[in-house]
Amino acid sequence: MNKFITTVKNIFEIPDLRARIFNTLFFIAIYRLGSFVVLPGVDPSRLDSESGGVFGLLDTLLGGAFSNASIFALGIMPYISASIVLQLLTIAVPYFQKLQKEGESGRKKINQYTRLLTIPIVMAQSIGFIATINQDAIVDTSVFFTVSTMIILTAGTLFCMWLGEKITDKGIGNGISMIIMIGIVSRFPGAIIGEAAAKGMRGSLIFLIELAVLFFVVMGVIILTQAVRRIPVQYAKQVGGVSQLNAQRQFIPLKVNAAGVMPIIFAQSLMFVPAIAASAWNQDSEIATAIGQKFSDYTSWQYNVVFATLIILFTYFYTAISVNPKQIADDLKRSGGFVPGVKPGDATSEYIDEVLTHITLPGAIALALIAIFPAIALLFGITRPFSAFYGGTSLIIMVGVVLDTMNQIESYLLMRHYDGMMKTGKLKGRAQNIALAS
């Protein structure tokens, strides 16, 4: 406890870090206030309190802004969609591949294209959002309401983007990720209170067991997020015109879960296709009705088997497009580095690809288990809001953002010659040698 108090004291003794923390809290407060400002022309008393399916996932990520029909109802989700599109274009389109290799200037251009693409995406999604609102809650059904809502939602998304950039520049952590995490965390107190109330005094022991299981699940997600396979690398240095081997060994860290949370998001978006197709195929067919029921219930074993399979496949796909062994091998060769026992060039690329293939399988399986764990928790009698924190997109995003924020705070403390945040163990990035030139 004394170590924790000392660490907090050290954090607030650093003026720059203290200012960044207060700036982050200020920007987060603005975002949360905007999440409760209802769109003009909507009666909040007639809105649906809960959303299901993909809309329930969006509402969780947006901290209730979606179900509240607020001016931030779409949040930064359109920006995330635009980022995914641009990331895929960097794989398929030579122009964007060239921009990605141009370094900082190329990244700035890609970010600018992402912002521009966000505008048509959010305008298209705003039309779909209007259709999802309970029509009884819409006071004005004229064209003016539709146009004004599109403009307000677009402005709200752009403002959220601005807040995210300000948090990144003047606060702590990645601003976009921080906004998503705050939306998720905002529902945790209500979920845990609701679970405690549902269990009551007689179920207090069961409630404590649930908290213990949640603790170990979080530890598992942290391990998956932090796990890396380090490939040793050595560099040759020039001394008086003679090439000598650098005795210091460095590493290329390949993440076990290089795809992050994206496979779950992709798989989740596809899991609604079978139910929609079955309902559109033939409503009078018993087979179509059965398929629609099974894939509308995310606790059914059919749903979870298909869901887990899609996550594993998407993990391999997203890892393949986000980690380029050929580029890593070329960067090593240009910088005079090599993997001991492996020839530079194509042999190094094949070796890295083989290692990446081997470590992706356990990472994909672990990610699939984490994704279906909320359904398992629900089957064990845990309430729906609280079960969402036992895995899936919400938990992985929260863990990732918290670890990234702790890593930044740790860097500030170490630069000012303070002790780190933890007495034992290492945060990702601390005292870590990375040979990959990005």
Side-chain angles (χ1 to χ4, degrees), residues 4 21 24-25 27-36 49-68 70 72-73 75-77 160 163-164 167 171-200 203-204 206-225 260-261 264-265 268 298 370-406 409:
F4 174 76
I21 291 175
T24 302
L25 295 175
F27 292 133
I28 288 174
I30 293 176
Y31 172 72
R32 288 305 299 159
L33 286 174
S35 300
F36 295 97
S49 59
E50 293 185 2
S51 301
V54 67
F55 303 124
L57 174 63
L58 281 174
D59 198 42
T60 300
L61 297 178
L62 295 171
F66 190 89
S67 60
N68 292 338
S70 73
F72 293 162
I76 47 92
M77 291 301 116
C160 290
L163 282 178
I167 292 175
I172 287 290
N174 181 281
I176 300 298
S177 301
M178 183 70 70
I179 286 177
I180 297 176
M181 187 204 71
I182 291 301
I184 297 171
V185 172
S186 66
R187 293 203 153 193
F188 184 72
I192 197 170
I193 291 174
E195 179 67 18
K199 292 295 182 287
S204 57
I206 297 177
F207 179 65
L208 293 176
I209 294 174
E210 291 174 356
L211 293 179
V213 173
L214 178 61
F215 172 80
F216 286 109
V217 170
V218 172
M219 293 300 103
V221 174
I222 292 175
I223 293 173
L224 178 62
T225 304
V261 73
I264 299 180
I265 295 177
Q268 188 79 58
Y298 75 91
I370 292 171
I372 66 175
F373 209 82
I376 298 175
L378 193 63
L379 291 176
F380 276 88
I382 298 176
T383 58
R384 187 180 296 269
F386 191 53
S387 66
F389 291 93
Y390 275 79
T393 310
S394 304
L395 185 58
I396 295 176
I397 291 176
M398 284 193 300
V399 169
V401 175
V402 170
L403 289 176
D404 180 62
T405 305
M406 288 178 63
I409 296 176

Set out, in order, the CA-CA distance, both residues' side-chain angles and the distance that settles side-chain contact (heavy atoms from CB on, under 4.5 Å) for F373 and V217, then state yes or no. CA-CA 9 Å; F373 209 82; V217 170; 3.7 Å; yes
Pairs meeting criterion salt bridge (Lys or Arg N to Asp or Glu O under 4.0 Å) with involvement of residues 372-381, two or more places apart: none
Pairs in or reaching into residues 207-219: which pass salt bridge (Lys or Arg N to Asp or Glu O under 4.0 Å), with residues at least two apart or in two chains? K199-E210
Working to the nearest 0.5 angstrom, can you tell me the gap between [X] [atom1] and [Y] [atom2]?
X: I264; Y: I370; atom1: CD1; atom2: CD1; answer: 7.0 Å
X: S35; Y: I30; atom1: OG; atom2: CD1; answer: 12.0 Å
X: I182; Y: L25; atom1: CD1; atom2: CG; answer: 8.5 Å
X: I193; Y: T383; atom1: CD1; atom2: OG1; answer: 12.0 Å
X: C160; Y: I76; atom1: SG; atom2: CD1; answer: 7.5 Å
X: I382; Y: F207; atom1: CD1; atom2: CZ; answer: 10.0 Å

What pair of heavy atoms forms the shortest contact from [X] to [Y], and how long is it?
X: R32; Y: G183; answer: NH1-CA, 4.4 Å
X: S394; Y: A388; answer: CB-O, 4.1 Å
X: S387; Y: P374; answer: O-CB, 3.3 Å
X: I179; Y: I167; answer: CG1-CD1, 4.2 Å
X: I172; Y: T24; answer: N-OG1, 2.9 Å

Using a 3.5 Å distance criterion without hydrogens, assess whether the side chain of S204 forms a donor-acceptor pair with backbone atoms of G200. no
Hey, is the main chain of N174 close enough, under 3.5 Å, to the side chain of S177 for a donor-acceptor pair? no
V218 vs M398, test: side-chain contact (heavy atoms from CB on, under 4.5 Å). Steps then yes/no. CA-CA 10 Å; V218 172; M398 284 193 300; over 6 Å; no
Taking it one step at a time, do I28 and Y31 satisfy side-chain contact (heavy atoms from CB on, under 4.5 Å)? CA-CA 5 Å; I28 288 174; Y31 172 72; 5.6 Å; no
Would you call [X] and [Y] a side-chain contact if the rule is heavy atoms closer than 4.5 Å?
X: I184; Y: F389; answer: yes
X: M181; Y: T405; answer: no
X: S70; Y: F36; answer: no

Let's go through L211 and F386 carefully: what are the C-alpha distance in whole Å and the side-chain angles of both, what is the deciding distance for side-chain contact (heavy atoms from CB on, under 4.5 Å) to 0.1 Å, and is it a yes or a no? CA-CA 10 Å; L211 293 179; F386 191 53; 4.0 Å; yes
Taking T225 as the fixed residue, which of V402, V399, D404 is the one that meets the side chain to side chain contact (heavy atoms under 4.5 Å, CB included) rule? V399
